[in-house]
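First comes the structure, then the notes that go with it.
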Amino acid sequence: MTIDLAFVWAGVIAFAVLAYVILDGFDLGIGILFPAMKDPQERDTAIDSIAPVWDGNETWLVLGGGGLFAVFPLAYAVVLPALYMPITLMLLALVFRGVAFEFRHRTVRGRRFWDGAFAGGSMVAALCQGIALGALVQGIHIEGRAYAGGWWDWLTPFSILTGLALIAGYALLGATWLISKTQDDLQARCFRWALPLGAAMLGFIVAVSLATPLLNPAYAERWFAWPAVLYAAPVPLLVAAVSLAFWRAIRRRAERLPFLLALALFLLSYVGLGISLYPHIVPPSLTIWDAAAPESSLKFLLAGGAILLPIILAYTGYAYWVFRGKVTPGSGYHH
């Protein structure tokens with residue numbers, strides 16, 4: 001049996017992107033929630049909860065972007081010119097945020113500025129990621145083998161909607177992460193934030209789900225045509241079930257379950273995105289097979305990926321295992 005290497009690599013890249021969204025999402029969410037934390041000690045505790053892992057989380061962004069360049073070079077060559085502005089702003093925001101993360105602990109007089117930089121960088125990065133996703137879903141105009149759209153094609157009401165949706169989703173991940181990692185007043189405040197943020201994320205999921213089939217008749221067919229509807233129907237049903245379980249978990253003050261359920265909402269949204277896009281890597285016309293590198297290159301890269309991916313997964317899992325448990329004020333490595 002011949003292995004479809006393009007399909008395998010599409011799965012690897014999809015996994016890397018999902019891992020980045022899940023892992024970096026909650027620490028971006030903490031930055032988004034930063035302005036709502038008025039007590040400097042609470043801000044320090046929130047920072048300490050992600051300090052050992054936040055830079056490792058961004059490994060998956062490098063893997064996703066580098067993998068796209070190596071394995072699907074045509075997709076990379078088309079997507080980058082179409083999304084130069086949001087991607088550039090995202091990278092600048094992540095750099096600025098990383099600098100602020102370290103500098104805020106080195107100054108007293110400038111602490112407020114760096115706290116604002118950390119919050120602003122987190123919010124801009126989340127917004128730009130959502131806008132880039134929305135611009136990709138709505139379709140990129142290609143002629144021949146090159147991007148043929150305009151400079152501002154990425155900026156539409158739908159891309160703004162997905163940008164705001166990702167901000168709400170990341171904030172939810174941040175709040176539920178802090179519920180699992182902190183205690184006392186900060187934890188209680190995050191419990192109060194969790195339900196409104198969960199409701200906001202659910203509302204955005206519904207809004208994006210209703211808008212997506214209107215962008216392209218192919219999307220509507222993948223969701224509503226027979227027999228595709230049999231595969232797609234479980235996704236909204238599971239979203240409803242997870243949302244109900246999330247509400248119950250917050251009401252009974254569960255500590256770890258809300259974060260896992262918030263991750264489940266992201267996973268289901270990602271599955272829904274896959275249903276809409278597959279087999280296209282750049283809708284509406286470029287499939288994963290159209291964009292794939294030569295088979296010899298895919299084989300060579302897969303050998304390297306088979307070694308690299310387990311190492312990254314093992315490192316990530318070990319880091320989270322070592323730094324498991326609650327974070328207490330004054331216990332972080334910055335102190």
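In this text the structure is predicted, and so the values were computed from the model without any measurement.
Between Leu302 and Leu298 there is no side-chain heavy-atom pair separated by less than 4.5 Å. Contact of the Leu260 side chain with the Phe246 side chain is not registered, since no non-hydrogen atoms from C-beta on lie closer than 4.5 Å. Within the 4.5 Å cutoff, the side chain of Thr162 has no heavy atoms near those of the Val137 side chain. Put simply, the side chain of Val99 reaches to within 4.5 Å of the side chain of Trp114, judged on heavy atoms. A heavy-atom distance below 4.5 Å is not found between the side chains of Leu18 and Phe266. Counting heavy atoms from C-beta on, the side chains of Asp24 and Leu61 never come closer than 4.5 Å. Considering only heavy atoms from C-beta on, Val242 stays 4.5 Å or farther from Trp247 through its side chain. Taking the side chain as every heavy atom from C-beta outward, Ile281 and Leu68 approach each other to under 4.5 Å.
Between the side chains of Arg256 and Ser180, no donor N or O sits under 3.5 Å from an acceptor N or O. No hydrogens or angles considered: nothing links the side chains of Glu255 and Gln183 as a donor-acceptor pair under 3.5 Å. No side-chain donor-acceptor contact under 3.5 Å links Ser159 and Gln138.
Two different hydrophobic clusters hold Leu237 and Phe224 under the rule that ILVMFWY side chains link at heavy-atom gaps under 4.5 Å. Two different hydrophobic clusters hold Leu92 and Ile131 under the rule that ILVMFWY side chains link at heavy-atom gaps under 4.5 Å. Hydrophobic clustering (ILVMFWY, side-chain heavy atoms < 4.5 Å, transitive): Val124 and Val95 are in distinct clusters. Under the 4.5 Å side-chain contact rule for hydrophobic residues, Ile87 and Phe96 do not share a cluster. If you chain together hydrophobic residues whose side chains sit under 4.5 Å apart, Ile311 and Val53 never meet in one group.
Nearest approach of Ala175 to Cys190, heavy atoms of both residues: O-CB, 3.6 Å. Contact between Leu277 and Pro283 at its shortest, heavy atoms only, is CD2-CG, 3.8 Å. Listed here is the closest heavy atom pair of Leu166 and Gly130: CD2-N, 3.4 Å. Across Ser49 and Trp177, no two heavy atoms sit closer than the pair OG-NE1, 3.3 Å. The minimum heavy-atom distance linking Cys128 with Met90 is given by the pair CB-CB, 3.8 Å. Across every non-hydrogen atom of Asp290 and Ser285, the tightest pair is OD2-O, 3.6 Å.
Distance check: Met201 CE to Ser269 OG gives 4.5 Å after rounding to the nearest 0.5 Å. Summarising the geometry, atom CG belonging to Leu273 is positioned 14.5 Å from atom OH belonging to Tyr278; distances are rounded to the nearest 0.5 Å. Rounded to the nearest 0.5 angstrom, Ile275 CD1 and Trp223 CH2 are separated by 4.0 Å. In this structure, OH on Tyr270 lies 9.0 Å from CD1 on Ile22, to the nearest 0.5 angstrom. For the atom pair CD1 of Ile250 and CD1 of Ile179, the computed distance is 4.0 Å after rounding to the nearest 0.5 Å. Atoms CG and OG1, on Asp39 and Thr45 in that order, are 8.0 Å from each other to the nearest 0.5 Å.
Ion pair Arg97/Asp27 flagged as a salt bridge, since at least one NZ, NE, NH1 or NH2 atom sits closer than 4.0 Å to an Asp/Glu carboxylate oxygen. Comment: Asp48 does not engage Lys181 in a salt bridge, judged by the lack of any side-chain N to carboxylate O separation of less than 4.0 angstrom.
Under a cut-off of 6.0 angstrom, the local environment of OH in Tyr320 is crowded, with over 12 non-hydrogen atoms contributed by other residues, nucleotides or ligands.
Checked options Tyr315, Phe15, Tyr20; the residue passing with Trp60 is Phe15 (criterion: ring pair (Phe, Tyr, Trp, His ring centres under 6.0 Å)). The residue from Ile167, Leu28, Leu33 that alone fulfils the side-chain contact (heavy atoms from CB on, under 4.5 Å) condition with Met123 is Ile167.
Between the side chain of Thr212 and the backbone N or O of Val208 there is at least one donor-acceptor pair closer than 3.5 Å. Side-chain atoms of Arg43 never come within 3.5 Å of backbone atoms of Asp115 as a donor-acceptor pair (strictly under, hydrogens ignored). Without hydrogens or angle criteria, Arg324 side chain to Trp321 main chain gives a donor-acceptor distance under 3.5 Å.
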### Task
Please test Leu5 against Lys299 for side chain to side chain contact (heavy atoms under 4.5 Å, CB included), starting from the C-alpha separation and ending with a verdict.
CA-CA 7 Å; Leu5 294 178; Lys299 289 180 179 179; 3.2 Å; yes
### Task
Starting from the C-alpha separation in whole Å, work towards a yes-or-no answer on side chain to side chain contact (heavy atoms under 4.5 Å, CB included) for Val282 and Phe72.
CA-CA 10 Å; Val282 183; Phe72 299 106; over 6 Å; no
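Partners of Arg189 under the salt bridge (charged side-chain N to carboxylate O under 4.0 Å, His left out) rule, at least two apart in sequence or in another chain, are Glu42.
No cation-pi contact links Arg104 to Phe118, judged by a cut-off of 6.0 Å to the six-membered ring centre and 45° from its axis.
Ring centers of Phe26 and Phe259: under 6.0 Å apart, within the cut-off.
Contacts classified as side-chain hydrogen bond (donor to acceptor under 3.5 Å, both in side chains) and involving residues 84-95 (residues at least two apart or in different chains) are not found.
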